[in-house]
Amino acid sequence: DVCSSDLLPSYRVAVPVAHLAAGEVNSQTSTFMQIVFASGASGAGKTTVCNVLVENGYKIFDGDIWCAGGDPINQVDCAVTSAMVSSRPPAMAKAVTDAISIGRTKMGKGEPVAWEVWETFYTFMCDAIKLQTAKNGHDRWVVPFAVYRVVERDLVRNLLSPTADVTFILLNVPESV
């Protein structure tokens, strides 16, 4: 099982999932946590990658559940409820709404998106990842969530360092599959 991973912003390399599961990627650094983001379209294999990593000692921080206002550690793959959505703090709710409705929509149309949209959103998300994973006490995490652009991945790396070693897996599957 080989997937595409951007370990460095300008390099695309194939990384066997087994190496991630064994903690062998970026093992030369001694950091507090190892965080793997699994990104890809629906049906690309994010759940499979997450399951392999969970079987090898990782825990899941569900990015979509966090966006919806749920508990990203204890409500993994949970159905989103109106109670979750209404429980989000207003500033976080605005950041998530802007990233989805403004950011992804405009990006999908090839239109420019103000950098503040991404910076605000990822700052909220990374703060939550640091806080909630530290409270849990576990040091190996997989985050199923789309972080497609290099500039966004660089921001996430910067926001999570120096407390985490961050790896991104981008699963690209042809539409015909």
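Counting begins at 1 with the first residue of the sequence.
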Task: Expected output: side-chain K46 to main-chain A41 donor-acceptor under 3.5 Å - done: yes

Open item on the list: Could you check whether any side-chain heavy atom of S161 comes within less than 4.5 Å of a side-chain heavy atom of V166, counting everything from C-beta outward?
Closed with: no

Task: For the student: nearest non-hydrogen atoms of A38 and V49, plus distance - done: CB-CG1, 4.5 Å

- [ ] Look at the side chain of K59 and the backbone N and O of T133, then say whether any donor-acceptor pair between them is shorter than 3.5 Å.
- [x] no

Open item on the list: Is there a side-chain contact between Q34 and D139 in this structure, where contact means two heavy atoms from C-beta onward sitting under 4.5 Å apart?
Closed with: no

Task: Value rounded to 0.5 Å, distance of OG in S39 from CG in L171 - done: 8.0 Å

Open item on the list: Using modelled atom types and a 3.5 Å cut-off, is there a donor and acceptor pairing between side-chain atoms of R140 and backbone atoms of N56?
Closed with: yes

Open item on the list: Measuring only between side-chain heavy atoms, which start at C-beta, is R157 closer than 4.5 Å to F168?
Closed with: yes

Open item on the list: Would the distance check show the side chain of E119 and the main-chain N or O of W115 forming a donor-acceptor pair, the cut-off being under 3.5 Å?
Closed with: no

Task: Side-chain donor/acceptor of T167 to backbone N/O of V36, under 3.5 Å - done: no

TODO: Please identify each residue that fulfils side chain to side chain contact (heavy atoms under 4.5 Å, CB included) with T105, with sequence neighbours left out.
DONE: K109

Open item on the list: Name the residue from I73, I129, L53 that meets the side chain to side chain contact (heavy atoms under 4.5 Å, CB included) definition with W141.
Closed with: I73

Open item on the list: Let me check something: do M92 and L160 share a hydrophobic cluster, defined by ILVMFWY side-chain heavy atoms less than 4.5 Å apart, either directly or through other members?
Closed with: yes

TODO: Measure the CG-NZ distance between L131 and K135 for me, rounded to the nearest 0.5 Å.
DONE: 4.5 Å

Task: From CG (L159) to OG1 (T123), nearest 0.5 Å - done: 4.5 Å

Open item on the list: Tell me which pairs pass salt bridge (charged side-chain N to carboxylate O under 4.0 Å, His left out) where either residue lies in residues 95-104, with sequence neighbours left out.
Closed with: K94-D98, R104-E152

- [ ] Write down the atom of V113, the atom of G103, and the distance for their closest heavy-atom approach.
- [x] CG2-O, 3.5 Å

Open item on the list: I need the N158 CG to R153 CZ distance, nearest 0.5 Å.
Closed with: 13.5 Å

Task: Side chain proximity check, I35 to F61, heavy atoms < 4.5 angstrom - done: no

- [ ] Verify, without hydrogens or angle tests, whether T120 (side chain) and V117 (backbone) share a donor-acceptor contact under 3.5 angstrom.
- [x] no

TODO: Output the distance between atom SG (C78) and atom CG (D64), rounded to the nearest 0.5 Å.
DONE: 12.5 Å

Task: Closest approach of A83 to S86 (non-hydrogen atoms, all atoms of both residues) - done: O-OG, 3.2 Å

Open item on the list: Quick check: closest heavy atoms across I60 and P144, and the distance to 0.1 Å?
Closed with: CG2-CD, 3.8 Å

- [ ] Please report the C-alpha distance between V147 and M125 in whole Å, then the side-chain angles of each, then the deciding distance to 0.1 Å, and finally whether the side chain to side chain contact (heavy atoms under 4.5 Å, CB included) criterion is met.
- [x] CA-CA 12 Å; V147 186; M125 178 179 247; 5.8 Å; no

TODO: Following the transitive rule for hydrophobic clusters with a side-chain heavy-atom cut-off under 4.5 Å over Ile, Leu, Val, Met, Phe, Trp and Tyr, establish whether I100 and M107 coincide in one cluster.
DONE: yes

TODO: Could you please spell out the steps behind the ring-ring contact (aromatic ring centres under 6.0 Å, His included) verdict for W66 and F121?
DONE: CA-CA 12 Å; W66 172 81; F121 172 77; 5.8 Å; yes

Task: Heavy-atom side-chain proximity of I65 to V76 below 4.5 angstrom - done: no

- [ ] Please examine the side chains of F124 and P89, heavy atoms only from C-beta on, and report whether any two atoms are closer than 4.5 Å.
- [x] no

Open item on the list: So which atom in K106 and which in P112 form the shortest heavy-atom distance, rounded to 0.1 Å?
Closed with: CD-O, 3.5 Å

Open item on the list: Would you call the rings of F145 and Y122 parallel, tilted or perpendicular, taking 30° and 60° as the class edges?
Closed with: perpendicular

